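To start, the structure under review is shown below, and the notes come after it.
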Amino acid sequence: MNKIMLFAQLKEDAGKSAIETKAAGKTVGELRDFLEKETPLGNLDGIMIAVNEEFVKDDWIIEEKDVIALIPPVSGG
Amino acid sequence: MTCEITREPIKIEDIYQKVVRREAGAVTTFVGTVRELTHGRKTLHLEYEAYESMALKKMEQIVEEIKEKWPVLEVAMVHRIGRLEITDIAIAIAVSSPHRPEAYEANRYALERVKEMVPIWKKEHWEDGEKWVGNQQGTKAYTTGKPEEGDFLE
């Protein structure tokens, strides 16, 4: 299983800070499609995806136990 | 650790002390504070949230980038999260260097990079509503917080 961490508006919308799903073997793009279609998270355009605390692109392949995070546009500073 | 995320009020003296060196002829400090008015709209208070472990990693990455680009001596930054009131310090960045040009330039670079790619989010609380700022969900635009080409693992 893979933990998918949620922040900011996504966390509020979901009512929790993380969800679990089986993502190993999927690309980040496939995971994005899956989350959009099969979860209430909705449209994820503009949301970056980090795997194990690094930004990755849609062709990155997810492995077992990778920690995934959905990163909305940041607004620190 | 020269980078920090805290829930406590930020003290400028602390971050200054982290970078001051005998070889330094310049220390620049940037202090980002909570502004009351944005485009005429009145903020009551802000709330910051961070993906703390990744945010710290990215802040340390920025420090490394700066040390490659400029002959600076030390860089330190601290970002506060949680509820912040008007005039509270949200971020402080200090850079020391032998001479002033690189201390100024590196300090500005540090802040701009934080705004691009460090996973920290701000929620505005106004008199008439609230919103996570920079959240462009539902649009194609990723107008704030856009990591650059080199920020992705290949």
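No experiment lies behind these values; they were computed from the predicted model shown. Labels below follow one simple rule: chain letters A, B, ... track the order of the sequence lines, proteins then strands, and each chain is numbered from 1.
Only the side chain of Tyr48(B) has a heavy atom closer than 4.5 Å to any heavy atom of chain A. Both the backbone and the side chain of Lys122(B) come within contact range of chain A, with heavy atoms under 4.5 Å apart. The part of Asn52(A) that comes within reach of chain B is its backbone (N, CA, C, O), which places non-hydrogen atoms under 4.5 angstrom from that chain. For Ala50(B), the part sitting under 4.5 Å from any heavy atom of chain A is the backbone (N, CA, C, O) and nothing else. For a residue to count as touching a neighbouring chain, one of its non-hydrogen atoms must lie under 4.5 Å from one of that chain's; by this rule Ile91(B) touches chain A with the side chain only.
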For this session: Show the numbers, then the answer: is there a side chain to side chain donor-acceptor pair (under 3.5 Å) between Arg100(B) and Ser97(B)?
Result: CA-CA 7 Å; Arg100(B) 67 186 179 281; Ser97(B) 59; over 6 Å; no
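Under 4.0 Å is where a charged nitrogen must lie from a carboxylate oxygen, and between Arg35(B) and Glu124(B) no such pair does. Salt bridge absent: Lys58(B) and Asp151(B) never bring a charged side-chain N and a carboxylate O closer than 4.0 Å.
His125(B) and His45(B) have parallel rings, their planes meeting at less than 30° on a 0 to 90° scale where 60° marks the start of perpendicular.
For the 3.5 Å distance criterion, the side chains of Trp132(B) and Glu12(A) qualify, holding a donor opposite an acceptor.
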